[in-house]
Amino acid sequence: MLNIADYLRFTDKLLISDACWEWQSPGDQRHYPKFKLAPGKTIDSHRLSYMTLKGAIPEGLYVCHTCDNRRCSNPSHLFLGTAKDNAIDAHQKSRMTPPSTTKLTEFQVAQIRRDLKQGKSHTAIALQYSVSRKTISNIANGYTWKQVA
């Protein structure tokens, strides 16, 4: 993927330690750092690190961080996962609050769980509570509202 000159240019932008390999170039702190491969062609630094040091990234998979540091490119902190794996990881680490928790009450979620047990469709329940079908699916699969029985 990278020739030696580009690899050296890439590693020059990293502060490599035993922990995170911190991206040192300035940039937007809210987004993943980008590395310019060629004019008009950039790649997220953590994805480039994964591909260079661990191997190919199968289509449709994300490169996720165990350290939750978006400026980190340490390949030992990176793992492959689906969009669902990434969302579950984010939720488990409290990096993402499910939108449904602000729209539904615990009483409504308990009722939704009863409706699901009775075989009511996700679509029908979603329409009843004015939420997305995905919200109902997340409740059904235990990704959200775990505290409500």
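Hydrogens, waters and symmetry mates are skipped; everything else that's a heavy atom, side chains included, is used. Just so you know, residue 1 is the first one in the sequence shown, and it goes up from there.
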Salt bridge flag under 4.0 Å for residues Arg9 and Asp6
yes

Value rounded to 0.5 Å, distance of [atom1] in [X] from [atom2] in [Y]:
X	Y	atom1	atom2	answer
Glu106	Ile112	CD	CD1	12.0 Å
Ser45	Glu22	OG	CD	10.0 Å
Leu80	Ile57	CG	CD1	6.5 Å
Cys20	Leu15	SG	CG	10.5 Å
Ile43	Leu37	CD1	CG	6.0 Å
Leu78	Cys67	CG	SG	7.0 Å

Heavy-atom closest contact ([X] atom, [Y] atom, distance):
X	Y	value
Asp18	Asn74	O-ND2, 4.3 Å
Val148	Ala110	CG1-N, 3.8 Å
Tyr50	Ala56	CE2-O, 4.0 Å
Pro75	Leu53	CG-CD1, 3.7 Å
Gln108	Thr105	OE1-N, 2.8 Å
Ala140	Leu116	CB-CD1, 3.7 Å

Any side-chain to backbone donor/acceptor pair from Thr11 onto Tyr7? Under 3.5 Å, distance only.
yes

Side-chain (Ser49) to main-chain (Ser73) donor-acceptor, under 3.5 angstrom:
yes

Parallel under 30°, tilted from 30 to 60°, perpendicular over 60°: which one fits the rings of Phe10 and Phe35?
perpendicular

Excluding sequence neighbours, so at least two apart, what forms salt bridge (Lys or Arg N to Asp or Glu O under 4.0 Å) with Asp44?
Lys34

Listed by chain and number, what are the side-chain hydrogen bond (donor to acceptor under 3.5 Å, both in side chains) partners of [X], not counting sequence neighbours?
X	result
Gln24	none
Lys84	Tyr143
Gln111	Arg114, Asp115
Thr82	Asp85

For [X], what residues pass the ring pair (Phe, Tyr, Trp, His ring centres under 6.0 Å) criterion, not counting sequence neighbours?
X	value
Trp21	none
Phe79	none
His65	Tyr32, His46

Could you go step by step and tell me if Leu104 and Trp145 meet the side-chain contact (heavy atoms from CB on, under 4.5 Å) rule?
CA-CA 10 Å; Leu104 298 170; Trp145 291 96; 4.1 Å; yes

Which pairs with one or both residues in residues 50-69 pass salt bridge (Lys or Arg N to Asp or Glu O under 4.0 Å), sequence neighbours excluded?
Asp68-Lys93, Asp68-Arg95

Residues that, via side-chain heavy atoms closer than 4.5 angstrom, fall in one hydrophobic cluster with Ile4
Leu8

Under a 4.5 Å cut-off applied to non-hydrogen side-chain atoms, are Ile139 and Val109 in contact?
yes

Name all pairs fulfilling the side chain to side chain donor-acceptor pair (under 3.5 Å) condition that reach into residues 123-134, sequence neighbours left out, sorted by first residue then second.
Lys120-Gln128, Ser132-Thr135

Which residue pairs pass the ring-ring contact (aromatic ring centres under 6.0 Å, His included) test with at least one member in residues 103-122, sequence neighbours excluded?
none

